[in-house]
Amino acid sequence: MQASGVKVTDEVIAVFNDMKVRKAQANEEEKKKRKKAILFCLSKDLKNIVLDDGKEILLGDLGSTMLPPNDCRYALYDATYETKETKKEDLVFIFWAPDSAPLKSKMIYASSKDAIKRKFEGIKHEWQVNGLDDLKDRHTLAEKLGGSSIVSLEGSPI
């Protein structure tokens, strides 16, 4: 429980654990089915953080945006990147709070953020995004993942 009193459902924790445990030896077909990003939202009664139904991107579906333009969300994003030394994959916790979202929504999501973050053990990177321009700025994400040591993100040079 948090200041907002919001709880994280078991389903959300299960999806997080599924994304966290990656199969290193997965074949190409399995990799395409791996979740690349998933959205979470508050339930209608504002008491639970739940999966945002149908809002996931599989590795094979990259390129689509599914964030609501006028409301907040939490997301988990499986970032693939390269440093000068090695290839890496890390989960990034994203707090989507577009400028056009209602103030009440921003306040509830902001006050409930720690509840979901505490359940997502081992997340090293957090990114608050306030608009699609922020989301498209690959340099900002690269900075969050490791700054100037990042040479490519999702297979494209920085």
Side-chain angles (χ1 to χ4, degrees), residues 1-81 88-138 140-142 144-145 153-155:
M1 296 277 269
Q2 284 304 294
S4 65
V6 169
K7 294 179 183 169
V8 180
T9 63
D10 290 343
E11 189 181 26
V12 167
I13 296 165
V15 167
F16 166 68
N17 287 328
D18 182 49
M19 286 182 76
K20 191 167 77 168
V21 179
R22 297 185 187 91
K23 295 181 182 90
Q25 303 303 320
N27 64 35
E28 287 305 309
E29 199 53 42
E30 287 171 338
K31 283 182 182 176
K32 283 184 181 161
K33 292 179 185 165
R34 191 190 304 169
K35 290 176 180 69
K36 187 68 179 165
I38 190 141
L39 291 186
F40 309 97
C41 62
L42 290 169
S43 57
K44 285 188 178 29
D45 64 6
L46 305 178
K47 292 184 178 175
N48 295 291
I49 296 173
V50 298
L51 289 174
D52 196 354
D53 281 341
K55 298 291 186 166
E56 64 180 40
I57 295 178
L58 302 180
L59 202 53
D61 301 335
L62 279 179
S64 55
T65 182
M66 53 188 187
L67 293 163
N70 299 313
D71 204 2
C72 300
R73 289 293 183 272
Y74 307 114
L76 263 184
Y77 173 65
D78 188 357
T80 305
Y81 60 101
K88 291 185 169 189
E89 289 183 346
D90 276 331
L91 290 177
V92 179
F93 176 78
I94 297 172
F95 174 32
W96 169 252
D99 295 330
S100 56
L103 182 61
K104 182 179 179 184
S105 178
K106 289 182 196 177
M107 289 174 64
I108 293 170
Y109 272 84
S111 66
S112 304
K113 183 174 70 167
D114 283 343
I116 192 169
K117 278 181 54 187
R118 204 169 25 253
K119 297 291 185 181
F120 289 174
E121 290 179 32
I123 296 281
K124 298 182 222 153
H125 311 287
E126 180 181 337
W127 188 19
Q128 181 169 331
V129 182
N130 299 105
L132 289 176
D133 288 343
D134 292 351
L135 202 60
K136 291 175 184 163
D137 184 359
R138 297 160 39 84
T140 305
L141 180 54
K144 298 271 181 211
L145 294 168
L153 181 61
E154 304 302 343

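Atom NZ of residue Lys124 and atom NZ of residue Lys144 lie 15.5 Å apart, to the nearest 0.5 angstrom. Between the OG1 atom of Thr9 and the NZ atom of Lys47 there is a distance of 15.0 Å, given to the nearest 0.5 Å. Note: Leu39 CG to Cys72 SG = 12.0 Å, rounded to the nearest 0.5 Å. Taking OG1 of Thr80 as the start and CG of Asp90 as the end, the distance is 9.5 Å to the nearest 0.5 Å.
Residues Val50 and Glu11 form no side-chain contact, since every pair of their non-hydrogen atoms from C-beta on lies 4.5 Å or further apart. Counting only heavy atoms from C-beta outward, the side chains of Val12 and Ile116 approach each other to under 4.5 Å. Counting only heavy atoms from C-beta outward, the side chains of Leu76 and Ile123 approach each other to under 4.5 Å. Looking at Val8 and Ile13, their side chains come closer than 4.5 Å, going by heavy atoms from C-beta outward. Between Met19 and Ile38 the shortest side-chain heavy-atom distance falls below 4.5 Å. You'll find the side chain of Leu141 stays beyond 4.5 Å of the side chain of Asp137, heavy atoms only. With contacts defined as side-chain heavy-atom distances shorter than 4.5 Å, the pair Leu42/Ile108 qualifies.
Between Lys36 and Glu154, at least one side-chain N (NZ, or NE/NH1/NH2) sits under 4.0 Å from a carboxylate O, which counts as a salt bridge. A salt bridge does not link Asp78 to Lys35: none of the charged side-chain nitrogens sits closer than 4.0 Å to a carboxylate oxygen.
Shown here for Pro102 and Asn70, the closest heavy-atom pair between the two residues is CD-O, 3.3 Å. Heavy-atom minimum distance, Gln128 versus Ala97: NE2-CB, 4.3 Å. In plain terms, the two heavy atoms of Arg73 and Asp52 that are nearest each other are NE-OD2, 2.6 Å.
Within 6.0 Å of atom NZ in Lys119, 12 or fewer heavy atoms from other residues, nucleotides or ligands are found, so the atom counts as exposed in its surroundings. Other residues, nucleotides and ligands place no more than 12 heavy atoms under 6.0 Å from the CG atom of Asp10.
Ring geometry for His125 against Tyr81 counts as perpendicular: the plane angle is over 60°, on a 0 to 90° scale with 30° as the lower cut.
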For the pair Asp71 and Ser105, evaluate side-chain hydrogen bond (donor to acceptor under 3.5 Å, both in side chains) and give the outcome as yes or no after the intermediate values. CA-CA 7 Å; Asp71 204 2; Ser105 178; 2.4 Å; yes
side-chain contact (heavy atoms from CB on, under 4.5 Å) evaluation trace for Val15 with Leu51: CA-CA 9 Å; Val15 167; Leu51 289 174; 3.8 Å; yes
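Arg138 places a side-chain N or O within donor-acceptor distance of the main-chain N or O of Leu153, the cut-off being under 3.5 Å. Of the possible donor and acceptor atoms, one in the side chain of Asp134 sits under 3.5 Å from a partner among the backbone N and O of Asn130. When atom types are taken as modelled, the side chain of Lys20 and the backbone of Gly122 share no donor-acceptor pair closer than 3.5 angstrom. Trp127 places no side-chain N or O within 3.5 Å of a backbone atom of Trp96 that could act as its donor or acceptor partner.
The side chain to side chain donor-acceptor pair (under 3.5 Å) search around Glu126 returns Lys113, Lys117, not counting sequence neighbours. Residues satisfying the side chain to side chain donor-acceptor pair (under 3.5 Å) criterion with Ser43, sequence neighbours excluded, are Asp45. In this structure, the ring pair (Phe, Tyr, Trp, His ring centres under 6.0 Å) partners of Phe93, at least two apart in sequence or on a different chain, are Tyr74.
Just one residue in the list Phe95, Tyr109, Tyr77, Phe120 forms a ring pair (Phe, Tyr, Trp, His ring centres under 6.0 Å) with Phe40, and that residue is Phe120.
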